[in-house]
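First the structure, in the form of structure tokens, and then the observations on it.
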Protein chains: 2
Amino acid sequence: MKKESTTRYAILGLLTYRSGSGYDLKQAFHKPLGYFWDESYGQIYPALKQLLAEGSVKLVSGDSPGRREKKVYAITPKGEKELSVWLAAPTQADRPRLEVLLKLFFSQDGEVSIPLGHLRDVETRHQKLLEEYAAIERLLLGLPQQGHTPFQLITLRCGIRQSEAMAAWARESMALLEGGILSETARPPEGRKN
Amino acid sequence: MKKESTTRYAILGLLTYRSGSGYDLKQAFHKPLGYFWDESYGQIYPALKQLLAEGSVKLVSGDSPGRREKKVYAITPKGEKELSVWLAAPTQADRPRLEVLLKLFFSQDGEVSIPLGHLRDVETRHQKLLEEYAAIERLLLGLPQQGHTPFQLITLRCGIRQSEAMAAWARESMALLEGGILSETARPPEGRKN
DNA sequence: CTCAGCATGTAAGCTGTTACATGATTCC
DNA sequence: GGAATCATGTAACAGCTTACATGCTGAG
């Protein structure tokens, strides 16, 4: 049962958008994908090496003559096939590990300021994320239709939904802890729509 | 910069609830905590060994005479101190890695049935989770006040919010893909090459 | 008797991060 | 000249999973 690291597929997927070097890939992971996926150089370069050895990727370098010899990789038909197999395979739930929930779960009743601080952090973090998402959404929607796929919009919306949920949860939980009224009225209506 | 594996704190935290063996801890990770944290035996036993060596945990075994010699661990004052330091430290954002988003992001416009299947999986998975959460919530709220801490309720609510958000997002995205509201125009260009 | 559950642990191996080593080019 | 950025890689280590090895007890 080979675990088949996801890194290789992330690389192959990016290369279907455009060919690029290890450095380019890392940049791509930083900018648009970084919100839900990231890889370090320590993953990327060895993975590229292996993909090259297996023929899922080929070198098309030689361009950009000025710099140090940039190695530009492109996906091969074999790589495309491999990717499409992976794309079609069902994804099983990845175990969520939310460290902040561990901290809250183990908090003591008396000392409420510490968990409140954690919740505040969560709220500001996701509020900030929401601003970034909104900027990206404006950008995508402002583009002509061929500038984006529905899938880019969909992944973005996932981040937005998640961050909205986390921010709302953090606010709700802070109120609960501050008010100290916990059992009688479990929660105000607060209808999430859809 | 020691990363200080979270495993040790998860163990210490559980031991503040009640003493137990490695096996007991694993069960605890399975049942109530499993929704947002999990550890394998391969993590737990070595961690317990190390915690014992460091004096953050002590053996209080000797009970349950029938079985194979069950090693029951309890947290020590030193362990409690260590835990409270960790509890107070701010949590930094853990990079989310959502494999299903990768798959959606790399999907091709034409073949819509595959991403639809992934979204359907997400929806049913979180719908099922929501049912489990609801059962736990009923259980917690039905208990007398000392039966639960507000923190247990808070962590549970986080799971609920998250799953609501994911299920809603999946439904919304399926509608978008099926309706083709924007895919009708966004199809032909398809600029994919170097 | 057999199977499920209780119970402890180890070893191999993959995944992933961080720090390090190296060097070119561009802009100030 | 110096800093930032481009660019490629390796080595050491930490985290984590999986498979394996072992053996008990109770229920059917």
Side-chain angles (χ1 to χ4, degrees), chain A residues 1-11 19-31 33-34 36-53 57 59-73 86 92-99 102, chain B residues 1-11 19-31 33-34 36-53 57 59-73 86 92-99 102:
Chain A
M1 198 154 281
K2 308 206 298 176
K3 185 54 174 42
E4 286 290 335
S5 142
T6 317
T7 302
R8 55 187 296 120
Y9 300 110
I11 289 174
S19 304
S21 65
Y23 191 85
D24 295 334
L25 290 168
K26 175 65 182 156
Q27 298 315 108
F29 281 123
H30 185 65
K31 273 183 295 185
L33 252 76
F36 57 88
W37 205 266
D38 194 18
E39 302 283 354
S40 59
Y41 287 122
Q43 293 271 104
I44 292 172
Y45 284 113
L48 276 173
K49 199 178 185 178
Q50 202 196 328
L51 284 168
L52 187 63
V57 132
L59 264 173
V60 291
S61 79
D63 62 355
S64 65
R67 299 198 164 277
R68 176 232 254 255
E69 74 143 339
K70 181 172 166 173
K71 294 188 179 178
V72 177
Y73 295 87
W86 176 77
Q92 77 261 47
D94 27 26
R95 176 183 66 141
R97 299 192 93 181
L98 294 178
E99 192 171 319
L102 259 197
Chain B
M1 200 153 278
K2 308 206 296 177
K3 184 55 175 40
E4 285 291 336
S5 146
T6 318
T7 302
R8 55 187 296 121
Y9 300 109
I11 289 173
S19 303
S21 64
Y23 191 85
D24 296 334
L25 290 168
K26 177 64 182 156
Q27 298 316 108
F29 281 122
H30 186 65
K31 273 182 295 186
L33 252 76
F36 57 89
W37 205 265
D38 193 20
E39 301 283 354
S40 59
Y41 287 122
Q43 293 271 103
I44 292 173
Y45 284 113
L48 275 173
K49 199 178 186 178
Q50 202 196 327
L51 284 168
L52 187 63
V57 132
L59 265 173
V60 291
S61 79
D63 62 356
S64 65
R67 302 202 161 275
R68 175 229 254 256
E69 73 144 340
K70 180 173 167 171
K71 293 186 179 179
V72 176
Y73 295 88
W86 176 76
Q92 78 261 47
D94 26 26
R95 176 183 65 139
R97 300 192 94 182
L98 295 178
E99 191 171 320
L102 258 198

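As a basis for the values below, the full set of heavy atoms in this structure was taken, side chains included, without hydrogen atoms, waters or symmetry mates. Numbered from 1 within each chain, the chains take letters A, B, ... in sequence-line order.
Put simply, CD on A/Q50 is 13 Å from P on C/dG16, counting in whole angstrom units. The CD1 atom of B/I11 sits 11 Å away from the P atom of D/dC16 (whole-angstrom rounding). Rounding to whole angstrom units, CG of residue A/L48 and P of D/dA7 are separated by 14 Å. Taking atom CH2 of residue B/W37 and atom C1' of nucleotide D/dT17, one finds them 15 Å apart after rounding to whole Å.
Applying the side-chain contact (heavy atoms from CB on, under 4.5 Å) criterion to A/A28, with sequence neighbours excluded, gives A/L14. Residues satisfying the ring pair (Phe, Tyr, Trp, His ring centres under 6.0 Å) criterion with A/Y23, sequence neighbours excluded, are absent altogether. Scanning for side-chain contact (heavy atoms from CB on, under 4.5 Å) contacts around B/E39 gives A/R97, B/T7, B/A10, B/F29, B/W37, B/Q43, B/I44, with sequence neighbours left out. Taking B/L59 as the reference, B/L52, B/S61, B/K71, B/Y73 meet the side-chain contact (heavy atoms from CB on, under 4.5 Å) condition, with sequence neighbours excluded.
Checking C/dT15, D/dG15, C/dC6 against the side-chain heavy atoms of B/Y23 singles out C/dC6 as nearest. Counting only heavy atoms from C-beta on, B/K70 has its side chain closest to C/dT8 among C/dT18, D/dT18, C/dT8.
Within the structure, the salt bridge (charged side-chain N to carboxylate O under 4.0 Å, His left out) test picks out no pair touching residues 41-50 of chain B (sequence neighbours left out).
For A/S40 and C/dT17, the shortest distance from a side-chain N or O to OP1 or OP2 is below 4.0 Å. Within the structure, a side-chain polar atom (N or O) of A/R97 is placed less than 4.0 Å from OP1 or OP2 of D/dC16. Applying the 4.0 Å criterion to OP1 and OP2 of D/dT8, one finds that A/S21 has a side-chain N or O inside that range. Dashed line: the shortest gap from a side-chain N or O of A/S5 to OP1 or OP2 of C/dC14 is not under 4.0 Å.
Side-chain atoms of B/L25 and B/H30, non-hydrogen and from C-beta on, never get closer than 4.5 Å to each other.
For the pair B/D24 and A/D38, nearest-nucleotide mapping onto DNA chain C gives the more 5' position to B/D24.
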Every protein N/O within reach of nucleotides 9-11 of chain C N/O, cut-off under 3.5 Å:
residue: C/dG9; atom: OP1; partner: B/K71; partner atom: NZ; Å: 2.5
residue: C/dT10; atom: OP1; partner: B/K49; partner atom: NZ; Å: 3.1

